[in-house]
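Read the structure below first, then the notes.
Atom set for the values below is all heavy atoms of this structure, side chains included, hydrogens, waters and symmetry mates excluded.
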Amino acid sequence: MQLTLFSSMLVAASAFTITPAPVRSTHLPALADMSGATAPLKGFDPLNLASLGSDETYLWFKAAELKHGRCAMIATTGYLVTAAGWHFPGMLSTSNDLSFESLSSMKPLDQWAAVPDAGKAQIIGTIFIAELVSEFQGTHYMKGGDFPTIVFPPIDFSGVDADTLATKKNREINNGRLAMIAIMSFISAANIPGSVPALIGNPAF
């Protein structure tokens, strides 16, 4: 009787035993082997983000940096072009009597504010569609597929040798990092006078 009772207790206890969750094996590459790991800040990762989470987390971080760098390079170039007064000919909006020339007399952030809501929606919608296309092409980068490519215009690197391609990847990442700093500096200078000493007195800000 006692043996039966003891056996029943063991069975009941085992029903409440917590099964350890499987430990995900991560094999994160060394910082020195990552794209963009070049002098003078080779291996720079003060927040230790490269070892945060799983392999999928690391790949998501890499893709996010790549996308943000590309957007920042476009934004920085666009800010400088509009600040220099270069613009398209004709009208941006006939219904609002808004020409590109009239926009060119404004500061870049004021230009964006002057764009009609319908125009802003078209720009944001185009970016959204490009993001969807890049995320759903082939095997996802978090599952071992290629990192997001430029949707338009498409660029074919199939004929580029491995060493040259690695150099180009390093340049893209590092230029993107610099552009992120640049566009943040531009926005800060435009909204907080004197926040960026190097841009004080510049009429574009």
Side-chain angles (χ1 to χ4, degrees), residues 26-84 86 108-109 112 123-124 126-128 130-192 195-200 202 204-205:
T26 59
H27 304 284
L28 301 179
L31 287 175
D33 297 329
M34 292 171 57
S35 296
T38 57
L41 299 176
K42 190 170 186 176
F44 181 75
D45 185 17
L47 299 180
N48 202 28
L49 296 178
S51 60
L52 180 65
S54 63
D55 286 350
E56 287 82 1
T57 306
Y58 165 77
L59 293 172
W60 187 88
F61 279 153
K62 285 193 67 175
E65 180 183 36
L66 185 62
K67 289 182 180 182
H68 283 84
R70 288 170 177 169
C71 290
M73 285 188 280
I74 295 173
T76 301
T77 303
Y79 200 110
L80 294 174
V81 167
T82 54
W86 297 336
L109 293 183
W112 172 253
I123 295 171
I124 295 173
T126 301
I127 295 171
F128 177 72
E131 175 71 4
L132 287 180
V133 171
S134 69
E135 285 288 319
F136 289 96
Q137 286 184 331
T139 304
H140 197 267
Y141 53 83
M142 290 176 63
K143 302 297 182 182
D146 295 330
F147 282 106
T149 56
I150 299 174
V151 176
F152 181 83
I155 302 175
D156 182 16
F157 289 107
S158 59
V160 180
D161 65 85
D163 290 339
T164 302
L165 186 59
T167 300
K168 290 181 179 294
K169 287 182 177 180
N170 286 333
R171 288 174 178 172
E172 180 183 29
I173 289 291
N174 287 327
N175 287 336
R177 290 168 178 168
L178 182 60
M180 285 188 276
I181 295 173
I183 194 62
M184 286 190 291
S185 299
F186 292 172
I187 294 173
S188 296
N191 289 280
I192 309 173
S195 60
V196 184
L199 299 178
I200 293 177
N202 191 309
F205 305 96

Kindly list each side-chain donor-acceptor pair under 3.5 angstrom involving residues 178-188, sequence neighbours excluded, with atom names and distances?
residue	atom	partner	partner atom	Å
Ser185	OG	Ile181	O	2.8
Ser188	OG	Met184	O	2.8

- Task: Please identify each residue that fulfils salt bridge (Lys or Arg N to Asp or Glu O under 4.0 Å) with Lys168, with sequence neighbours left out.
- Result: none
What residues form a side chain to side chain donor-acceptor pair (under 3.5 Å) with [X], not counting sequence neighbours?
| X | answer |
| --- | --- |
| Asn191 | none |
| Tyr79 | none |
| His68 | none |
| Asn174 | Thr38, Arg177 |

Find out whether [X] and [Y] are in side-chain contact, i.e. whether some heavy atom of one side chain is under 4.5 Å from a heavy atom of the other.
| X | Y | result |
| --- | --- | --- |
| Trp112 | Ile123 | yes |
| Thr57 | Ser54 | yes |
| Glu172 | Leu66 | yes |
| His140 | Glu56 | no |
| Glu65 | Phe61 | no |

Please list, chain by chain and in numerical order, all residues satisfying side chain to side chain contact (heavy atoms under 4.5 Å, CB included) with [X], sequence neighbours excluded.
| X | value |
| --- | --- |
| Leu132 | Phe128, Phe136 |
| Ala166 | none |
| Lys169 | Ser35, Leu165 |

- Message: Is it the case that atom CH2 in Trp60 sees more than 12 heavy atoms from other parts of the structure closer than 6.0 Å?
- Response: no
- Message: Treating Thr76 as the side-chain partner and Met73 as the backbone partner, does any N or O pair qualify as donor plus acceptor under 3.5 Å?
- Response: no
- Item | Spacing of Asp161 atom CG and Thr164 atom OG1 [to the nearest 0.5 Å] | 3.5 Å
- Message: With rounding to the nearest 0.5 angstrom, report the CZ to OG1 distance, Arg171 to Thr167.
- Response: 6.0 Å
